[in-house]
Q: 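Here it is: the structure, laid out below.
In listed order, ligands and their atoms are each counted from 1.
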Amino acid sequence: MNLKMLTVGSLFTNCYVIWCDKTREAIVIDPGFDRQSEAGKVFHILKENELKVKFIVNTHGHPDHTCGNGVVKSATGASILIHKLDASILSRTGKDLDSLSDFHVLSPIADDFLEDGDVVRFGRTVLRVLHTPGHSPGSISLVGEDCVFTGDTLFAGSIGRVDLPGGSGEEIIRSLREKLAVLPERLVVYPGHGPTSTIEREKRSNPFLQRNFDVSLLG
Ligand SMILES: [Zn+2]
Ligand SMILES: [Zn+2]
C-alpha cells in the first residue's frame, strides 16, 4: 500500500491518498479542501502515479473532512462512502456546526454507506471499517495491515471534541477502549488532524486512553 498525506483547509485536516501498487486503484480519505490549489495537489498525485480513484471515504461528515468530495468526485467519478449516521451531515454547511463556520461548500450525497465490519477494497488493498462513534454518531476508523486511519476519534496525544451535534463523551471513550486500544500495538495511527502516532504510543501516553480516565470530565 502506498500513501501520501496532505494537510488541507483552514482546520489543517489530514487528507490521505492511498493506492495499490499492482492495479493503481486508489482511494481518497477526507478531502477536506475548499481551495482549488489544494485540490490541484491531490490531482497532481493522482496523475503522477497514474492512479484511478475508486472511492472517496469520509471518516465522518464534518465539512472540514468532506468539502472536497464534490471536486474529487466530478474529476474522477469516484463513489462517496460514509457511515449512514453521518450521511445527513454532508448536506449541512459549517454554519450549523459552530466553529466549522468557514466551510461553505457542500458535499454531494453519499453513493453508498459503510458499517462496522465492512471492507473497503481497492486493487489488492483492503481496509476494514470500525464504527467508532463519539466525535460524531457515524465516525469510523479504517484498519489496514500496518495502519489505522482514525479521523477525529483519536489524535496523537488527544481525541476529537465531543461538543458538536451528536457528539458523546461516553461513546468516544467506549470507541477508544473497545475498538482502537485492542488493535495491534505496532499499527501506525493516521489521524484526521496533527501528526501520526502508533497504537502502542497512544496506549502508553494518551491521557484519554488510560484506565483511570474519568469520562465525566468530557461533559
Ligand atoms: Zn470532525
Ligand atoms: Zn476534523
Q: Given side chains that start at C-beta, do those of F208 and I172 come closer than 4.5 Å, heavy atoms only?
A: no
Q: Would you give the angle at the Zn ion (ligand 2) between H65 atom NE2 and D64 atom OD2, to the nearest 10°?
A: 90°
Q: Answer yes if the side chains of T153 and S175 hold a donor-acceptor pair under 3.5 Å, and no otherwise.
A: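 Not at all, the side chains of T153 and S175 share no donor-acceptor pair under 3.5 Å.
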Q: NE2 (H135) to the Zn ion (ligand 1) to NE2 (H60): angle, nearest 10 degrees?
A: 100°
Q: If we check side chain to side chain contact (heavy atoms under 4.5 Å, CB included) with P31, which of these qualifies: N58, V53, T66, V71?
A: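 Among the candidates, only N58 passes.
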Q: Should the heavy atoms of other residues, nucleotides or ligands under 6.0 Å from CZ of F12 be counted, would the total exceed 12?
A: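 No - once you tally the heavy atoms of other residues, nucleotides and ligands closer than 6.0 Å, there are 12 at most.
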Q: Give a yes or no on whether H62 keeps an N, O or S atom under 2.8 Å from the Zn ion (ligand 2).
A: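 H62 does not place any N, O or S atom closer than 2.8 Å to the Zn ion (ligand 2).
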Q: Looking at the Zn ion (ligand 2), which N/O/S atom of H193 is the nearest one?
A: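 Nearest N/O/S atom of H193: NE2.
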Q: Between D30 and N14, do the side chains contain a donor N or O and an acceptor N or O under 3.5 Å apart?
A: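 Result is no, nothing qualifies.
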Q: Please find out if the Zn ion (ligand 1) and some N, O or S atom of D152 are separated by less than 2.8 Å.
A: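 Short answer: yes, at least one N, O or S atom is under the cut-off.
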Q: Backbone or side chain, does D30 get an N/O/S atom under 2.8 Å to the Zn ion (ligand 2)?
A: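 Coordinating: no.
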